[in-house]
Visitor: 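Encoded as structure tokens, here's the structure I'll be asking about.
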Amino acid sequence: MDHSSPDFWIRFDLPTILFLAASILYAGHGFLHQLIVGGAISAFQHPDERQSRLILMIWIATGGFMSFLGLLPATLILLFGADPAPVRAALWTNFIALGFLAFHSIVCGIQYLPKPLRIGFYFTSAFAVCHLLFLVTYGKF
């Protein structure tokens, strides 16, 4: 790939740069999600050891999933751009996965979730909206 050609820089317009920033921010949130497991367990009212282990595994797995959902679009767009059909398919699949993650929080009852889980729901919903806006408007501006 020739980085000096004008075609390389054309695909990095403002919406793409904003979407890349949102993707990296969401991936960073997923990494932090994996690191603050002690705070996650303390958010629940004194679980026993088995419940603590279960919460710990779920918390780390969710953080890994969130990191993947943030890094995948950023990596694909940086390497290939958003134009190729396989990249678009991966971005739509990523959007559907974000929808499932947000829907899970809604089904569990957002108002009953501890504050850290509600914050994660809002991050996921905001990134899903950014995802959808990017997919629908890419190449139209």
Side-chain angles (χ1 to χ4, degrees), residues 1-3 5-141:
M1 181 182 312
D2 183 18
H3 298 293
S5 71
D7 293 337
F8 176 79
W9 296 107
I10 288 173
R11 70 176 179 203
F12 291 106
D13 55 354
L14 184 62
T16 304
I17 292 170
L18 291 174
F19 181 68
L20 285 171
S23 295
I24 292 168
L25 181 69
Y26 191 72
H29 176 254
F31 287 130
L32 287 175
H33 200 276
Q34 295 174 65
L35 292 174
I36 57 169
V37 293
I41 292 174
S42 67
F44 297 91
Q45 286 79 26
H46 308 296
D48 65 7
E49 184 179 347
R50 287 182 54 207
Q51 288 176 330
S52 294
R53 287 183 184 181
L54 182 63
I55 292 168
L56 182 72
M57 288 187 295
I58 292 170
W59 196 264
I60 292 172
T62 303
F65 186 60
M66 292 163 64
S67 298
F68 176 74
L69 290 177
L71 288 176
L72 180 67
T75 304
L76 289 174
I77 290 173
L78 286 173
L79 292 177
F80 306 109
D83 291 324
V87 173
R88 304 286 288 174
L91 292 176
W92 278 108
T93 305
N94 207 34
F95 170 71
I96 292 169
L98 286 166
F100 281 130
L101 191 58
F103 180 71
H104 176 263
S105 297
I106 292 170
V107 168
C108 290
I110 297 168
Q111 65 273 18
Y112 301 114
L113 295 175
K115 188 174 184 175
L117 294 178
R118 280 183 281 159
I119 292 170
F121 166 75
Y122 297 133
F123 261 110
T124 300
S125 299
F127 185 53
V129 168
C130 289
H131 223 83
L132 185 61
L133 287 174
F134 179 74
L135 285 167
V136 171
T137 63
Y138 179 75
K140 295 185 180 174
F141 293 106

Visitor: Would you give the length of the straight line joining atom CD1 of I106 to atom CD1 of I110, rounded to the nearest 0.5 angstrom?
Guide: 5.0 Å
Visitor: Could you list the donor-acceptor pairs under 3.5 angstrom formed by side chains in residues 119-134, with sequence neighbours left out?
Guide:
from	atom 1	to	atom 2	distance (Å)
T124	OG1	Y26	OH	2.8
T124	OG1	G120	O	2.9
S125	OG	F121	O	2.9
H131	NE2	L91	O	3.1

Visitor: Keeping the roles fixed (side chain from R118, backbone from S105), state whether a donor-acceptor pair exists under 3.5 Å.
Guide: no
Visitor: Return all side-chain donor-acceptor pairs below 3.5 angstrom for residues 61-76, not counting sequence neighbours, or 'none' if the list is empty.
Guide:
from	atom 1	to	atom 2	distance (Å)
T62	OG1	I58	O	2.8
S67	OG	F31	N	3.2
S67	OG	Q34	NE2	3.1
S67	OG	G63	O	2.9
T75	OG1	L71	O	2.8

Visitor: Closest approach of H33 and W59, non-hydrogen atoms and distance?
Guide: O-NE1, 2.8 Å
Visitor: Do the side chains of L14 and L18 get nearer than 4.5 Å, heavy atoms only?
Guide: yes
Visitor: Just verifying a value: how many Å separate I96 CD1 and L101 CG, rounded to the nearest 0.5 Å?
Guide: 14.0 Å
